[in-house]
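Only one structure is covered here, and it is reproduced in the block below.
Every value quoted in this text rests on a predicted model; they were computed, and no experiment measured them.
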Amino acid sequence: MQSPDLHLSFLQLKIINIGTARFFCDSDNNLPFPAYIINAVKTDNKGYIWFFISSNPLHATLQPINFASRLEFYRKGYPYSLAINGTASLVNDRETVQNFIAEVVDQTTTDHAAGLSGLLLVKVKMEKATYRELPVRKNVNWFHTMSAQLKEFFYPVRRPQWQPSI
């Protein structure tokens with residue numbers, strides 16, 4: 001049996017490759033919308049996925065709450081999808097947000113959080129992950145084959161050269 005660190009490294013790599021996901025709030029809470037399109041900013045070694053969502057000005061004083069959530073990572077052209085269930089937490093502490101931004105940007109920041117006034121920092125603790133390989137679609141005729149090759153030539157898929165830290 002493989003160690004949990006190998007599973008976490010595998011998930012981190014797949015999440016960073018796709019990058020975007022649909023974020024669903026599975027419980028009745030004070031968020032403005034029940035679903036969001038997010039960009040995963042960071043996945044840490046404790047099993048958290050960090051990202052920002054848009055905030056309603058009326059919800060500027062949201063208290064940190066925990067709620068059930070679901071993330072669905074999928075991008076056209078990638079041969080897999082990833083569904084993650086977990087507990088989401090709103091990070092409303094100004095100092096934590098500033099430290100997070102400084103860590104992600106790799107700079108010392110004085111007040112970058114002021115520029116993010118319309119955003120909320122969210123972290124999701126990964127509790128269950130479902131990885132699914134997608135079937136490879138075969139091109140049926142020469143036209144589809146040729147158009148796929150031209151598309152790859154003019155618009156190559158650039159995958160980040162990222163190595164997970166263990």
Side-chain angles (χ1 to χ4, degrees), residues 1-107 109 111-134 159-166:
M1 179 166 208
Q2 294 179 348
S3 72
D5 290 338
L6 290 176
H7 293 295
L8 182 59
S9 296
F10 176 80
L11 292 175
Q12 287 174 327
L13 182 62
K14 297 303 180 184
I15 289 169
I16 205 74
N17 279 342
I18 291 181
T20 58
R22 292 185 297 176
F23 171 62
F24 298 97
C25 309
D26 290 340
S27 62
D28 186 25
N29 55 38
N30 294 329
L31 292 179
F33 304 108
Y36 296 85
I37 302 292
I38 62 100
N39 288 318
V41 176
K42 178 183 175 185
T43 58
D44 63 19
N45 292 331
K46 295 178 182 175
Y48 286 99
I49 302 170
W50 297 76
F51 54 90
F52 290 98
I53 61 172
S54 60
S55 171
N56 187 341
L58 299 174
H59 295 91
T61 59
L62 278 176
Q63 297 300 318
I65 56 172
N66 296 328
F67 53 91
S69 65
R70 188 174 75 246
L71 288 163
E72 294 177 356
F73 289 89
Y74 169 79
R75 182 178 281 181
K76 186 177 178 181
Y78 284 77
Y80 60 89
S81 68
L82 183 63
I84 295 177
N85 293 343
T87 302
S89 304
L90 299 178
V91 180
N92 204 19
D93 178 37
R94 185 178 183 91
E95 183 177 335
T96 305
V97 172
Q98 286 180 344
N99 290 340
F100 176 77
I101 293 169
E103 180 183 339
V104 170
V105 177
D106 289 334
Q107 297 176 0
T109 60
D111 196 23
H112 283 0
L116 299 172
S117 61
L119 299 175
L120 290 172
L121 181 60
V122 179
K123 64 179 182 176
V124 174
K125 175 68 173 167
M126 292 187 272
E127 295 169 356
K128 179 183 175 189
T130 306
Y131 175 80
R132 197 176 105 202
E133 292 280 338
L134 301 175
R159 293 186 173 89
Q161 300 298 321
W162 178 82
Q163 296 294 324
S165 59
I166 296 177

| request: Taking all heavy atoms of I38 and all of F51, pick out the closest pair and write down the distance. | output: CG2-CD1, 3.5 Å

| remark: d(E72 CD, T130 OG1) to nearest 0.5 Å is 10.0 Å

| message | L121: which residues meet the side-chain contact (heavy atoms from CB on, under 4.5 Å) condition with it, sequence neighbours left out? | response | W50, F52, V91, V97, F100

| said: Can you tell me how far apart CG (L71) and CZ (F24) are? Round to the nearest 0.5 Å. | reply: 9.5 Å

| query | For atom CD of E133, is the number of surrounding heavy atoms from other residues, nucleotides or ligands below 6.0 Å larger than 12? | reply | yes

| Results of side-chain hydrogen bond (donor to acceptor under 3.5 Å, both in side chains) for N85 - residues two or more places apart only | none

| said: Within this structure, what is the OG1-OH distance for the pair T87 and Y48, rounded to the nearest 0.5 Å? | reply: 8.5 Å

| said: Just to verify, what does S81 make a side-chain hydrogen bond (donor to acceptor under 3.5 Å, both in side chains) with, not counting sequence neighbours? | reply: none

| task | Answer yes or no: is there a donor N or O on one side and an acceptor on the other, between the side chain of K46 and the main chain of K125, under 3.5 Å? | result | no

| task | Establish, yes or no, whether the cationic atom of K14 lies under 6.0 Å from the six-membered ring centre of F73 and within 45° of the ring axis. | result | no

| field | Heavy-atom pair with the smallest gap, counting every atom of I37 and R22 | value | CD1-CG, 3.5 Å

| Straight-line distance of K128 NZ to R70 CZ, nearest 0.5 Å | 11.0 Å

| request: Decide side-chain contact (heavy atoms from CB on, under 4.5 Å) for Y131 and F10; before the verdict, give the C-alpha distance in whole Å, the side-chain angles of both, and the deciding distance to 0.1 Å. | output: CA-CA 10 Å; Y131 175 80; F10 176 80; 3.9 Å; yes

| said: With heavy-atom distances below 4.5 Å as the criterion, would you say the side chains of I15 and I49 are in contact? | reply: yes

| Is the backbone of I18 close enough, under 3.5 Å, to the side chain of R75 for a donor and an acceptor to pair up by distance? | yes

| Between Y78 and N17, what is the shortest heavy-atom contact and its length? | OH-O, 3.3 Å

| task | Evaluate the side-chain contact (heavy atoms from CB on, under 4.5 Å) criterion for residues M126 and L8: first the C-alpha distance (whole Å), next the side-chain angles of each, then the deciding distance (0.1 Å), finally the verdict. | result | CA-CA 9 Å; M126 292 187 272; L8 182 59; 3.5 Å; yes

| query | Do side-chain atoms of S69 reach the backbone of G86 as a donor and acceptor pair under 3.5 angstrom? | reply | yes

